[in-house]
Each structure stands twice: as structure tokens, then as C-alpha cells.
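For the numbers below, each heavy atom of this structure counts, side chains included, while hydrogens, waters and symmetry mates do not.
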Amino acid sequence: QVQLVESGGGSVEAGGSLTLSCTASGYTDSVHCMGWFRQPPGKEREGVAVIYAGRDTTDYNDSVSGRFTISLDYAKNILYLQMNNLKPEDTAMYYCARDWGCSAYGQGIPWPGDVNYWGQGTQVTVSS
């Protein structure tokens with residue numbers, strides 16, 4: 001079965017950086033799409049950044065565009081999220097996601113309810 005294991009979360013001051021990693025295993029099909037979502041305390045889960053494998057197409061939540069970068073190492077099956085210039089409002093549990101009925105040539109951030117596979121999450125806390 002598909003397993004997604006996140007790492008790299010932690011506590012940083014505003015303006016700092018973190019890199020999240022998600023190691024994927026347990027599947028035999030080629031990946032079409034993966035992404036990062038987050039759920040701040042008391043709020044709903046939202047999409048942060050996604051990548052579509054066909055052309056490495058990426059899409060970002062407007063709130064992180066220009067600060068976060070998503071990438072996928074296809075050889076190692078590891079998804080990354082480089083987060084720079086972190087803000088207190090970035091504080092959340094961050095989740096790795098794989099497949100939402102997508103095409104490898106798709107685009108856009110899906111509704112979380114459409115995601116097929118989730119990791120267990122890694123906490124990111126940004127202090128002011």
C-alpha cells in the first residue's frame with residue numbers, strides 16, 4: 001500500500017527557512033501528481049503547492065508564491081517543499097499528498113477531499 005512519510009518540520013523564527021521532505025513508497029504505478037497541504041490550528045486543510053509529473057508543472061497557493069518551492073526527485077521518490085521567508089501565518093501541520101484522480105499533465109490545486117493518499121503530517125511553527 002502507498003505510504004507517505006514526512007519529515008523536516010520544526011520551530012523557526014519569522015524570516016527563517018525549512019525544507020520538508022516526503023518519502024513515498026508502496027506503489028507500482030508512475031506518479032502523476034503530488035503536493036503539500038497544510039492545516040492551521042482550528043482551520044480547514046488547504047493546498048499549498050502541487051506538482052504534475054508530465055512536465056513538472058507546479059502551482060502554488062497565492063499566500064506562499066515566491067517563498068515556497070516544490071520539487072520531486074523521481075529517482076528517490078522524495079517530494080520536497082523548500083520554505084523561505086517563513087511567516088507566523090505559515091504555522092500549521094503540513095501534509096504530503098499523492099494522486100487526486102489527476103492527469104500527469106494537469107494543473108491547479110485540488111480540493112483536499114479529492115486526495116487519495118496522505119502522510120501523517122509534520123508540524124511547522126513560526127514565531128514572530
Peer 1: If only atom types and distance count, is the side chain of D99 paired as donor or acceptor with the main-chain N or O of G101 below 3.5 Å?
Peer 2: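 A pair under 3.5 Å: no.
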Peer 1: Can you tell if the side chain of V50 reaches within under 4.5 Å of the side chain of P110, non-hydrogen atoms only?
Peer 2: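 In short, these two side chains touch, coming nearer than 4.5 Å.
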Peer 1: What's the shortest heavy-atom distance between G119 and E6, and which atoms?
Peer 2: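 Reported closest heavy-atom pair: CA-OE2, 3.2 Å.
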Peer 1: Spell out, as yes or no, whether a donor-acceptor pair under 3.5 Å connects the side chain of D114 to the backbone of W100.
Peer 2: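 Side chain of D114 to backbone of W100: no pair is present.
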Peer 1: Nearest heavy-atom pair of C96 and M34: which atoms, and what distance?
Peer 2: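 Scanning both residues, the minimum pair turns out to be SG-CE, 3.8 Å.
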Peer 1: According to the disulfide bond (SG atoms under 2.5 Å apart) rule, which pairs have a member within residues 32-81, sequence neighbours left out?
Peer 2: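 Non-adjacent pairs meeting disulfide bond (SG atoms under 2.5 Å apart): C33-C102.
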Peer 1: Walk me through whether Y94 and M83 qualify under side chain to side chain contact (heavy atoms under 4.5 Å, CB included).
Peer 2: CA-CA 12 Å; Y94 283 71; M83 305 186 294; 4.0 Å; yes
Peer 1: Would you kindly confirm whether Y60 and L79 end up in one hydrophobic cluster when ILVMFWY residues are joined by side chain heavy atoms under 4.5 Å apart?
Peer 2: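 Per the 4.5 Å side-chain linkage, Y60 and L79 are co-clustered.
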Peer 1: Could you go through F68 and W36, starting from their C-alpha distance and side-chain angles, then the distance that decides it, and tell me whether this counts as ring pair (Phe, Tyr, Trp, His ring centres under 6.0 Å)?
Peer 2: CA-CA 11 Å; F68 291 11; W36 290 97; over 10 Å; no
Peer 1: How many angstroms lie between atom CG of L4 and atom CD1 of I78, to the nearest 0.5 angstrom?
Peer 2: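 Here the interatomic distance stands at 12.5 Å.
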Peer 1: To check you understand the geometry: which heavy-atom pair defines the closest contact between Q120 and Y95, and what is its length?
Peer 2: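 The answer is O-CE2, 3.6 Å.
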Peer 1: Give the cluster check for V115 versus I109: same hydrophobic cluster or not, with ILVMFWY residues linked at side-chain heavy-atom distances below 4.5 Å.
Peer 2: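 Yes; I109 is reachable from V115 via cluster members.
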Peer 1: Do you know which of I70, L81, V31 makes side-chain contact (heavy atoms from CB on, under 4.5 Å) with I51?
Peer 2: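 The passing option is I70.
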Peer 1: What are the two closest heavy atoms between G108 and Y52, and how far apart are they?
Peer 2: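 In this case the closest contact between G108 and Y52 is O-OH, 2.6 Å.
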Peer 1: Tabulate below the donor-acceptor pairs under 3.5 Å that side-chain atoms of residues 9-23 make, not counting sequence neighbours, or state none.
Peer 2:
residue : atom : partner : partner atom : Å
S17     : OG   : N84     : OD1          : 3.0
T19     : OG1  : Q82     : OE1          : 2.4

Peer 1: Could you note down all residue pairs passing salt bridge (charged side-chain N to carboxylate O under 4.0 Å, His left out) where residues 46-55 supplies at least one of them, sequence neighbours left out?
Peer 2: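 Output for this query lists R38-E46.
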Peer 1: For a quick test of reading the model, state the closest non-hydrogen atom pair linking S128 to P88 and the distance between them.
Peer 2: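 Taking every non-hydrogen atom into account, CB-CG, 3.9 Å.
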Peer 1: Carefully, step by step, assess Q3 and Y27 under the rule side chain to side chain contact (heavy atoms under 4.5 Å, CB included).
Peer 2: CA-CA 8 Å; Q3 283 193 316; Y27 54 89; over 6 Å; no
Peer 1: Show the nearest heavy-atom pair for residues Y74 and A53, with the distance to one decimal.
Peer 2: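 So the minimum-distance heavy-atom pair works out to OH-CA, 3.2 Å.
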Peer 1: Taking atom NE2 of H32 and atom CZ of R98, what is their separation to the nearest 0.5 Å?
Peer 2: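 CZ of R98 is found 8.0 Å from NE2 of H32.
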Peer 1: Should we count CD of Q107 as having more than 12 external heavy atoms under 6.0 Å?
Peer 2: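 Open.
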Peer 1: Does V124 belong to the same Ile/Leu/Val/Met/Phe/Trp/Tyr cluster as W118, with side-chain heavy atoms less than 4.5 Å apart forming each link?
Peer 2: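 Each belongs to a different hydrophobic cluster.
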Peer 1: Find out if a path of hydrophobic residues (ILVMFWY) with successive side-chain heavy-atom gaps under 4.5 Å connects M93 to Y80.
Peer 2: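 M93 and Y80: separate clusters.
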